[in-house]
Amino acid sequence: MDPKTVTRFAPSPTGALHLGNARTALFSFLLGRASGGRFILRVEDSDRGRGGPEFVASQLADLTWLGLSWDAGPDRDDGRGPYRQSERGPIYDGLYKKLEREGHAYPCYCTPPELDVARRVQLAAGQPPRYPGTCRGLDASARAARVAEGRLPALRFRVPDSRVIEFEDLVRGPQSVAAATLGDFVLRRADGGPIFFFCNAVDDSLMGVTQVLRGDDHLSNTPRQLLLLQALGLPAPRYGHLPLLVDASGAPLSKRRGSTTVGELRERGYLAAAVGNYLLRLGHTGAPDQWVEPADFARSFSLDRLGRAPAHFDTAQLDHWQREAVRRLTPEQAVHWLDAELPADWSAQERRELAGLLRGNLVFPADAADWFSVLRGELVPLTAEDRTVLAEAGPAFFEAALAAYREAGADFGALGRELKQRTGRKGAALFMPLRIALTGRRDGPELAALLPAIPAALVRARLAGAAGVH
RNA sequence: GCUCCCAUCGUCUAGAGGCCUAGGACACAGCCCUCUCAAGGCUGGUACGAGGGUUCGAAUCCCUCUGGGAGCGCCA
């Protein structure tokens, strides 16, 4: 990849980091920094009324958790900052003046209610709602008159009348839009605040961004930004528009249903590498069918392997990668992952052993809870089917097991041999009644590993109890 | 309402006119392995939204429709 490549992620702190945005960030990161270029992070907090600093912190934390890192951002300036739009006012002011001076922008005194009426009229007439151009040709005296009325002007971009804007979208291919369909758009609010179209495009250019990956919803707005940058004489990045993420029913991913934020997934115990493996394949081919280590993600990422249709978020597939990720945990990582679920009074040694023992049978940390009672407490009541298995084995079987356990102790191999000799049973007929009696369930880690983890007194009590089942 | 985008198994997708009686992965079912579950191995079912063209030949190209999405904000 070209080392001059600069990509960016530009979150707006209006909430938690959404899965769709996380995917956009991941892809941008892979296209940039992870491929030998640069990746920067810019906080789009130009609208002071929305969101808050807590969201900036949480989003950056989520990105870090996912394994993304940036060369420049709000926490590290490289001289092209600041990287928060709220701190870039002076930069914007200079550009606004230039635009106005050169006739590319003009003050607009229309009020929101007036604009709203105009929109309704256009809609009713079957016309697309566009700014009617009321203030486009105002002369000095007309402007003075509006100011005298106490009106505060917004600044509008003067879209050239008859032009066709053409550009090559990084994922969509060639695009062509007639300027006439655009309508003059606002660059600066009446209260002085900058507008997305403006600061987003300007910042990308000023920060040296060469490739912008963003959501599909920005595709039809791209011509505006291209026009604006051109008027400013600023170089434009190349844009690539990613299909949106939708839920199982095909509706846009909404914060209301299910876990759709990175934070929620993390809280439920999903591992970052699992989320990464899933996101890497969501609407993108090029990754092998097998697990990919996060460090190798960039090698599997390619712009021309991006899909063009909306991608469905599918928990079953996420869970598949989660299992893969859990399986790859080292014992230390497993302890850390299980940390909040592990009984606080257990020793470091016990916690380690437990994590190692259960790792293969868990998908989420919360799944571990059931096993604690298996190892230390009460078993859940047996199902009718399980009782049948115990009854079929019969009291003699468990009395023999008790005797074998006295002989062999927690050495499961020896216990098995002993019991086989005493009862003549083998295979499932031998082990299943044992498993059920000992754990109260039919699944779980190998009995050979499980047995030593259960205190001897509990083992004896359970075997004795099973002997009493008829 | 207008403009634009998208459309292959349930899901992620391969497929850039003949290699497709459409391939892989996840999920599902069965079998094998196995003390169980998981993992692994094998097998199976399920898809080119509809209708018209173009062509010797279309999942692939064109048109219409249908369905889904986005944009048209002094939101980002």
Side-chain angles (χ1 to χ4, degrees), chain A residues 10-14 44-47 49-51 85 108 110-112 115-116 119 122-131 152-156 169 172 175-178 181-183 185-197 199-200 214-224 241 243-244 246 248-252 278 280-290 305 307-321 323-324 326-327 359-363 412 416 425-436 439 441-448 450:
Chain A
S12 108
T14 52
E44 306 227 320
D45 56 352
S46 63
D47 188 348
R50 295 156 57 122
Q85 289 186 331
C108 170
C110 298
T111 62
L115 293 169
D116 191 46
R119 247 191 303 276
Q122 288 170 321
L123 240 22
Q127 299 292 317
R130 273 199 282 275
Y131 180 63
L152 284 173
L155 190 67
R156 264 184 207 276
D169 190 276
R172 302 272 174 192
Q175 306 288 315
S176 169
V177 180
T181 65
L182 260 29
F185 53 94
V186 172
L187 300 174
R188 185 184 61 205
R189 294 194 301 252
D191 68 3
I195 289 285
F196 169 80
F197 290 131
C199 44
N200 176 267
R214 46 161 40 163
D216 227 351
D217 46 339
H218 292 294
L219 179 60
S220 42
N221 290 150
T222 305
R224 291 174 221 273
H241 292 91
L244 262 19
V246 295
S249 70
Y278 179 54
L280 183 66
R281 295 168 173 85
L282 230 200
H284 173 256
T285 351
D289 288 338
Q290 299 78 29
R305 301 265 68 185
R308 257 137 286 216
H312 290 72
F313 173 72
D314 181 10
T315 309
Q317 292 190 48
L318 208 211
D319 288 356
H320 165 70
W321 295 114
R323 280 184 209 100
E324 293 284 318
V326 170
R327 207 141 52 93
R359 184 157 41 119
N361 288 271
L362 304 176
V363 179
F412 189 70
R425 285 176 172 254
K426 59 180 180 178
L430 171 68
F431 294 107
M432 192 45 82
L434 254 192
R435 173 177 287 279
I436 292 173
T439 70
R441 48 196 293 178
R442 292 173 179 239
D443 62 344
E446 289 178 17
L447 281 173
L450 224 31

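Chain identifiers are assigned alphabetically (A, B, ...) following the order of the sequence lines, protein sequences preceding nucleic acid strands; residue numbering begins at 1 within each chain.
With sequence neighbours left out, the side chain to side chain contact (heavy atoms under 4.5 Å, CB included) criterion links A:D319 to A:Y270, A:T315, A:R323, A:F364. Listed by chain and residue number, A:L280, A:R281, A:S300 satisfy the side chain to side chain contact (heavy atoms under 4.5 Å, CB included) test with A:A287 (two or more places apart in sequence, or in another chain). With sequence neighbours excluded, the residues forming a ring-ring contact (aromatic ring centres under 6.0 Å, His included) with A:H284 are A:F27, A:F301, listed by chain and number. Qualifying side chain to side chain contact (heavy atoms under 4.5 Å, CB included) partners for A:D116, counting only residues two or more places apart in sequence or in other chains: A:R119, A:R120. With sequence neighbours excluded, the residues that form a ring-ring contact (aromatic ring centres under 6.0 Å, His included) with A:H218 are A:F196. Applying the side chain to side chain donor-acceptor pair (under 3.5 Å) rule to A:R441 yields the partners A:D443; only residues at least two apart in sequence or on another chain are considered. The side chain to side chain contact (heavy atoms under 4.5 Å, CB included) check on A:P223 picks up A:I165, A:F167, A:V177, A:L182, with sequence neighbours excluded.
Across all strands, A:R441 comes closer than 4.0 Å to no nucleic acid atom at all (heavy-atom distances). At a threshold of 4.0 angstrom between heavy atoms, the contacts of A:R359 with the nucleic acid are absent. Counting any heavy atom pair closer than 4.0 Å across all strands shown, A:Q290 reaches no nucleic acid atom. Within the 4.0 angstrom heavy-atom criterion, only backbone atoms of the sugar-phosphate kind lie near A:L244; the bases stay farther away. Residue contacts for A:A316: at a heavy-atom cut-off of 4.0 Å it reaches the sugar-phosphate backbone alone, with no base atom in range. In this structure, A:H241 reaches neither bases nor backbone, as no heavy-atom distance under 4.0 Å exists between it and the strands shown. Residue contacts shown for A:F197 include a base, since a base heavy atom lies under 4.0 Å away. The residue A:G126 sits close only to the backbone: its heavy atoms come under 4.0 Å of sugar-phosphate atoms, none of a base. At the heavy-atom level, A:D217 lies under 4.0 Å from the strands shown only through sugar-phosphate atoms. Among the heavy atoms of the strands lying under 4.0 Å from A:L115 is at least one base atom, whether or not backbone atoms are also near. Residue A:L430 is classed as having no contact, given no heavy-atom separation below 4.0 Å to the nucleic acid.
The closest side-chain donor-acceptor pair between A:S46 and A:R189, if any, does not fall under 3.5 angstrom.
When rounded to the nearest whole Å, the span between CG of A:L187 and C1' of B:C74 equals 11 Å. For the pair A:R156 CZ and B:C72 P, the computed distance is 13 Å after rounding to whole Å. For the pair A:F196 CZ and B:C74 C1', the computed distance is 15 Å after rounding to whole Å. Summarising the geometry, the separation between CG on A:N221 and P on B:C75 is reported as 14 Å, rounded to the nearest angstrom. Rounded to whole angstrom, the span from the CZ atom of A:F313 across to the P atom of B:A27 amounts to 15 Å. The separation between A:H320 atom NE2 and B:C28 atom C1' is 15 Å, rounded to whole Å. A:R435 has its CZ atom 11 Å from the C1' atom of B:U34, to the nearest Å.
For A:H312, whose side chain is taken as the heavy atoms from C-beta onward, the closest listed nucleotide among B:C12, B:G24, B:A76 is B:C12. Among B:C74, B:C26, B:U36, the nucleotide with an atom closest to any side-chain atom of A:Q317 is B:C26. Checking B:A76, B:U36, B:C12 against the side-chain heavy atoms of A:S12 singles out B:A76 as nearest. In this structure, the nucleotide among B:A14, B:G73, B:G24 sitting nearest to the side chain of A:D289 is B:G24. Distances from the side chain of A:R305 to the nucleotides B:U11, B:C72, B:G15 place B:G15 closest.
Using N1 to N3 plus N6-O4 or O6-N4 for Watson-Crick, or N1-O2 and O6-N3 for G-U wobble, each under 3.5 Å, B:C28 pairs with B:G44. The base-pairing partner of B:G51, taking Watson-Crick or G-U wobble contacts with both distances under 3.5 Å, is B:C63. Using N1 to N3 plus N6-O4 or O6-N4 for Watson-Crick, or N1-O2 and O6-N3 for G-U wobble, each under 3.5 Å, B:C74 pairs with nothing. Pairing of B:C4, defined by two Watson-Crick or G-U wobble distances under 3.5 Å, is identified with B:G69. With a cut-off of 3.5 Å on both Watson-Crick or G-U wobble distances, the partner of B:A39 is given as none.
The closest side-chain heavy-atom distance from A:Y278 to A:D314 is below 4.5 Å.
Listed pair A:T14 / B:A76 fails the phosphate criterion, with no side-chain N or O lying under 4.0 Å from OP1 or OP2. An OP1 or OP2 oxygen of B:A76 is reached within less than 4.0 angstrom by a side-chain nitrogen or oxygen of A:S46. Between A:R281 and the phosphate of B:A25, there is no side-chain N or O to OP1/OP2 separation shorter than 4.0 Å. Between A:R224 and B:C72 there is no side-chain polar atom (N or O) within less than 4.0 angstrom of OP1 or OP2.
Below 30°, between 30° and 60°, or above 60°: for A:F412 and A:F431 the angle between ring planes is between 30° and 60°, a tilted geometry.
Between the A:R130 side chain and the A:T181 main chain, a donor and an acceptor come within less than 3.5 Å of each other. In this structure, A:D45 contributes its side chain and A:P13 its backbone to no donor-acceptor pair below 3.5 Å.
Comparing the same atom, P, in B:G51 and in B:U66 gives a spacing of 15 Å after rounding to whole Å. Taking the P atoms as reference points, B:U55 lies 16 Å from B:U60, given to the whole Å. B:C65 and B:C6 are spaced 16 Å apart, taking the C1' atom of each and rounding to whole Å.
When every heavy atom of A:D217 is checked against every heavy atom of A:L244, the shortest pair comes out as OD1-CD1, 4.0 Å.
In terms of position on RNA chain B, the residue among A:V186 and A:L123 whose nearest nucleotide sits closer to the 5' end is A:L123. Two residues, A:G283 and A:L447, neighbour RNA chain B, and the one matched to the more 5' nucleotide by heavy-atom proximity is A:G283.
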Would you list the protein and nucleotides 3-5 of chain B atom pairs, both N or O, that sit under 3.5 Å from each other?
from, atom 1, to, atom 2, distance (Å)
B:C5, O2', A:R172, NH1, 2.8

Query raised in the report: Quick one: what's the B/S/- string for nucleotides 38-43 of chain B, heavy-atom cutoff under 4.0 Å, read 5' to 3'?
Result: -S----
